[in-house]
Protein chains: 2
Amino acid sequence: MDKAVQILSQHKLRKTPFRLDVLKLFLNNSTKGLTTHYIEESLEDFDRITLYRTLKTFEKSGVIHVAIDTSQTTKYALCHDDCTAHNHLDDHAHFLCNQCGETYCLENVIRPEITLPSDYTLSSAHLALSGICSSCNAQS
Amino acid sequence: MDKAVQILSQHKLRKTPFRLDVLKLFLNNSTKGLTTHYIEESLEDFDRITLYRTLKTFEKSGVIHVAIDTSQTTKYALCHDDCTAHNHLDDHAHFLCNQCGETYCLENVIRPEITLPSDYTLSSAHLALSGICSSCNAQS
DNA sequence: CTGTGTGCAAAGGGTTTGCAAGTAC
DNA sequence: GTACTTGCAAACCCTTTGCACACAG
C-alpha cells in the first residue's frame, strides 16, 4: 500500500507524479521541518513555481503545516493523519538545532497549560524551541 | 527625561534623528510587535534601506527583538531594559490576533517548564500564540 | 577630525500571477 | 471532455550590498 497515494486520496487531491514525489520526501522525513531549499535539492527534475503551488495546496488541504521555529526561513512539516483543511492539529513543539540547522517536530513535547490575560481567546499555540539536537550532541 | 535618548545611550548607539524617530515608535507601542510595513506608514520621511539597517542595528544591540508569532511576517518588538547584545531576555509569549492582525507581547505569559527528549539541549523557547485579542473580543 | 550613519542605485532571493499546453479523472 | 495541474515568463516584494556624502561625538 502506498502511503503517499493514500494521503492524497484522503484529502481529495489529484495524484500527479510531482505531488507524489514531494509527498514521499515528507514521508521520508516525517519528524523534520523541510525548507524549500532542501526540497529543491532533493528533487531530480522540478519546477520551482510548481513546487510553491504544491506546497500551498498541501498546506491548505491539511497535508503539511508551516513549522513555527526561531529561524526566519519557512519550513514545512507533515501533518498528523487527522489534520483537515481548516483544522490543523499541529500544536506540538518545533525544535531548531542551532548547530545543524534542522527543525524537528517534537510530538511528545505538547503544549503546556497556558493562562492568558482576560478577554483573550486562544485558538492555537506553538512552542518554538532552539538549542542543540541529540545527534549534534552525540558528535561532540 | 527622554526615554529614547536614554535607551540609545545605554546601548552605546549614536543618537541620530532617524533612530530616535524609530525608537519612539516602539516606545509608543511597547507591548506590540511592529511590522516594517507599519513602521514605514508611521514615519513621515524615511528611507527604507536605512530603516532596515536601523532595525538590524537595534536588534544586534538588544534594543528590539524579533517577535516569533504564527504570522509569516517579521515583527519587531521592544526589548526589556535588561536585554543586551548577546543576551536577549525575550522569552515571553507573543500573541497574534487573527482578527486585527496585531501581535502582542504578553509579558506575564512566561515560558512553562519544558521537558525535552534526552540529549536535546535547550537554549531558548518562544511561545507563539494566536486567537482573538481583548480589544477585538470587546467589539463583538 | 574620525568613524559611523545616511541616502541612492543596483542587485539578490523568495514568492506570486498570467496564460497556454498538458493531464487526471 | 472538463476541470485541475504544470511549465514558462514575467513581475512583485522584501531585503541586502556598494559607495559617496553627511553628520555625531
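Values in this document were obtained by computation on a predicted structure and should not be read as measured data. Naming convention: chains lettered A, B, ... in sequence-line order (proteins, then strands); numbering from 1 in each chain.
Whole-Å rounding puts the Leu55(A) CG to dT6(D) C1' distance at 15 Å. Straight-line distance from the NE2 atom of His37(B) to the P atom of dC14(D): 8 Å, rounded to whole Å. The distance between atom CZ of Arg19(A) and atom P of dA24(C), rounded to the nearest whole Å, is 11 Å. Separating the NZ atom of Lys12(B) from the P atom of dT4(C) is a distance of 15 Å, rounded to the nearest angstrom. Distance Phe58(B) CZ to dT6(C) C1': 14 Å, rounded to the nearest Å. The interatomic distance linking Ile49(A) (CD1) with dA11(D) (C1') rounds to 11 Å, in whole Å. The CG atom of Leu13(A) sits 10 Å away from the P atom of dT6(D) (whole-angstrom rounding). Leu43(A) has its CG atom 11 Å from the P atom of dG7(D), to the nearest Å.
Counting any heavy atom pair closer than 4.0 Å across all strands shown, Thr36(A) reaches sugar-phosphate atoms only and no base atom.
The Arg14(A) side chain lies nearest to dC25(C) when the options are dG5(C), dC25(C), dT17(C). Picking from dT17(C), dT6(C), dG7(D) the nucleotide with the shortest atom distance to the side chain of Thr54(B) gives dT6(C). Closest contact between the side chain of Asp47(B) and the listed nucleotides dG7(C), dT16(C), dG7(D) involves dG7(C).
Leu106(A) and Ile68(A) end up in different hydrophobic clusters when Ile, Leu, Val, Met, Phe, Trp and Tyr side chains are linked at under 4.5 Å.
For Arg48(B) and dT15(D), the shortest distance from a side-chain N or O to OP1 or OP2 is not below 4.0 Å. Neither OP1 nor OP2 of dT16(D) sits under 4.0 Å from any side-chain N or O of Tyr52(B). Note on Lys56(A): a side-chain N or O is less than 4.0 Å away from OP1 or OP2 of dT16(C). When the side-chain nitrogen and oxygen atoms of Lys15(A) are compared with OP1 and OP2 of dC25(C), one or more of them lie within a distance under 4.0 Å. Between Arg53(B) and dT16(D) there is no side-chain N or O to OP1 or OP2 distance below 4.0 Å. Under 4.0 angstrom from either OP1 or OP2 of dT5(D) there lies no side-chain N or O belonging to Thr16(A).
With Arg19(A) as reference, Thr57(A) is the one residue of Thr57(A), Val5(A), Thr50(A) to meet the side-chain contact (heavy atoms from CB on, under 4.5 Å) rule. Here the options are Thr35(A), Val22(A), Leu55(A), the test is side-chain contact (heavy atoms from CB on, under 4.5 Å), and the partner is Tyr76(A); only Leu55(A) passes.
Scanning all heavy atoms of the two residues, the minimum distance from Gly101(A) to Leu96(A) falls at O-CD1, 3.6 Å. Thr74(B) approaches Gln72(A) most closely through the heavy-atom pair OG1-NE2, 3.3 Å.
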